[in-house]
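First up is the structure itself, then whatever we jot down about it.
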Number of protein chains: 4
Amino acid sequence: MRDERRAQLVTAAREVFGEKGYHAATVDDITRAAGVAKGTYYLYFQEKREIYYELVRSFLQHVTDIGASVVREVKTPADFYARCELAAGELLRVFIEHHSLARLAYRESMSLDAELERMLRDFYRQLARVEADNIRVGIELGLFRPVDPLICAYAHIGMVERVALGLLAERDPPDPRHVVRELLAIAFEGLRKK
Amino acid sequence: MRDERRAQLVTAAREVFGEKGYHAATVDDITRAAGVAKGTYYLYFQEKREIYYELVRSFLQHVTDIGASVVREVKTPADFYARCELAAGELLRVFIEHHSLARLAYRESMSLDAELERMLRDFYRQLARVEADNIRVGIELGLFRPVDPLICAYAHIGMVERVALGLLAERDPPDPRHVVRELLAIAFEGLRKK
Amino acid sequence: MRDERRAQLVTAAREVFGEKGYHAATVDDITRAAGVAKGTYYLYFQEKREIYYELVRSFLQHVTDIGASVVREVKTPADFYARCELAAGELLRVFIEHHSLARLAYRESMSLDAELERMLRDFYRQLARVEADNIRVGIELGLFRPVDPLICAYAHIGMVERVALGLLAERDPPDPRHVVRELLAIAFEGLRKK
Amino acid sequence: MRDERRAQLVTAAREVFGEKGYHAATVDDITRAAGVAKGTYYLYFQEKREIYYELVRSFLQHVTDIGASVVREVKTPADFYARCELAAGELLRVFIEHHSLARLAYRESMSLDAELERMLRDFYRQLARVEADNIRVGIELGLFRPVDPLICAYAHIGMVERVALGLLAERDPPDPRHVVRELLAIAFEGLRKK
DNA sequence: TATGAATGAGAATTCATTCAT
DNA sequence: TATGAATGAATTCTCATTCAT
């Protein structure tokens, strides 16, 4: 059946791309992993990229769907919090379960090689340690609640980098000073109304 | 002088990689931009990647340094808050000023082509809209403070993705349920002790 | 019936080859145009070329037959001239009517692409203009009859190229000097005995 | 030197294309014949076609130049005839001397294989025999001068095919009946004014 | 040090042909 | 006979890297 063969190739591509990264993987690798001949790939896809796009698109759609599920059928505050928790849990689950797919979508599969991988992993680890230390200082100074410093550190790193790379790259980016103020308020005060 | 010639190549590479992305840029592009012959590259670097690593490394170091500057010479709570604000502002400034360098470090220059670029940009934009709507609902329900929904949305997206891709990919990842609880607490309550 | 199916494929091939040229046309194009499956082609022909040969052969045979019709049942000089005129008219008619078939037979469908097509068309057009000018000069000098210069130009071009590519490539080619003399005599004096 | 290497490739290509035909020849064949590595081709040309175009263009230009030389500095009728003879001789010489180049330009190198080659050669040979017989009949009938029947046959074939494929494919083709009349007049009466 | 011509491994893609159904 | 999915050989073109000058 047409769809089965297609799915077979998609599955093979997911594995091969996940393992070797997009550029290091060849169409030949994919078809070999799928147990078909090279030409067969081109019966189902136009280009090497196409299957990669499909994988990325489906993962990103999944993430977006989870985000959109939060406010659906919310009536009471209790509903809302429950849904937030559900969505957050679901998101982490999806990233964990489809880890290599997530790496594809987040271009971590685009890395050049193990060395760059390591460099970035070390960077995040080190930066997280640094930020966790900052947070510990805040806790010791009696300024902060006793949160989990490492989790909080990763959260802060993500906040900054996504705002910097995403929001500030939009068409009409907000005033950076306003952004800094809001970010700090969000980090320090959180969302909840007192 | 050896170092000047080297720096000249690094500068050229920064521009070329920033414009075309890592894979589309050729060593020839770099040397042409630097105004030297192709062979010259290999007198100063071993491989094409090397200069890319150098660029990424220096940007990441810069970011790490800013993070580390927070707790240096902090004595009073006022100091601490001031340093946090300074660091946050500095980080955004660096990302804005060295935007294409940041894109290199964050592998956004690894895209295949304009289509994938667009796909990812659209994904973030859409997801941010969705999350901003969630936040607006929370505000309307009287649960949340009147934050800037879009900034907060990007912050939340970053929190989740960095925790999911970074923290949960570490050697001994914490229990995901604990992570979800902490993340929600950080998002809802913030850091500040009441 | 076997022959009908075969004819159906030949007709489809004529159209497809005529439109795209031999190399750009695929067996798939032909079978699709014929409304049958790809494998069916190989039930009636051994190879892609075979049907092309068949088309070329039949066109060339047609041309040869017209040529051979001239002296059949000729009794008087009047008959002869009449038959010559008939054959010439018939030849042009066939070339016009089966233009794309003629292009196949004459390998004009073998072009690489539009650029080469254009290059050759321009060449003939330019060369014809040049030769037509030569002829006009001859007319103005009072040497030539007032023929149609463009028709005569194409005729001369054809004479030379066919003699050069055909006759002189035969096994025992005549002495080129003799050929030149004869060609000029044919062009200047024509055939008719005075 | 840049130009020498380039010329070396052109020469190699002329030989290889001449021998195997355009499609059967690979870039690898050309570079091997030139004694350089495959990549070297692409330092001097953009594509496989480019060198082929160059060969064809230069041959066609050569032919056009010869045609254009006829009326240059012609003053007397004697000049004119002399130049016609010179040009005709020169044309044949060029076709003979650069026979494989001529075949390239005339797409004879585009043939599929030896079989098609043979088919076309046989066609011309047969058609020439047929037309030569026609001419012999005309001579025997006392209508025609005693020309060389075979040369005249090739000339007639060329006249018709070039007019049919070239002139009649132009933008505003003349009326075919007019063309037939003129062709016959040219063939029978020639150009010379009596 | 600097040059830039030369190298050749490597990968994507096409398509005539086959063959199990 | 007919189908059309599958095959895999073959070819073009790219570009990181080398090396003679």
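Per chain, numbering begins at 1; letters A, B, ... match sequence-line order. Heavy-atom basis, side chains included; hydrogens, waters and symmetry copies ignored.
The residue among B/G39 and C/Y41 whose nearest nucleotide of DNA chain F is located toward the 5' end is C/Y41. Nearest-nucleotide positions on DNA chain F for A/K38 and C/Y44 put C/Y44 closer to the 5' end.
The separation between C/Y22 atom OH and E/dA16 atom C1' is 9 Å, rounded to whole Å. A/Y52 places its OH atom 18 Å from the C1' atom of E/dA12, with the value rounded to the nearest Å. The CD1 atom of C/I30 sits 11 Å away from the P atom of E/dT17 (whole-angstrom rounding). Look at CD on A/E50: it is 15 Å from P on E/dA12, rounded to the nearest Å. One atom, CD of C/E4, and another, C1' of F/dT1, lie 14 Å apart when rounded to the nearest Å. Rounded to a whole Å, the CZ atom of A/R2 is 19 Å from the P atom of E/dT21.
A donor-acceptor contact under 3.5 Å is not formed by the side chain of A/K48 with the base of E/dT13.
Out of E/dT3, E/dA6, F/dT3, the shortest distance to the side chain of B/R5 is found at E/dT3. With distances taken from any side-chain atom of D/Y42 to the nucleotides F/dT3, F/dT18, F/dC13, the minimum falls on F/dC13. Checking F/dT7, F/dT17, E/dA2 against the side-chain heavy atoms of B/V27 singles out F/dT17 as nearest.
Nucleotide E/dA20 forms a pair with F/dT3, judged by Watson-Crick or G-U wobble geometry with both contacts under 3.5 Å. The partner of F/dC15 is E/dG8, judged by Watson-Crick or G-U wobble contacts that both fall below 3.5 Å.
Contact check for A/E19 versus A/R14: no side-chain heavy atoms found under the 4.5 Å cut-off. For the pair B/Y42/B/E47, no side-chain contact is recorded, criterion being any heavy-atom separation below 4.5 Å from C-beta on.
Between the side chain of C/Y52 and the backbone N or O of C/L104 there is at least one donor-acceptor pair closer than 3.5 Å.
Between B/T40 and E/dT3 there is a side-chain N or O to OP1 or OP2 distance below 4.0 Å.
Other residues, nucleotides and ligands place more than 12 heavy atoms under 6.0 Å from the CD atom of A/E50.
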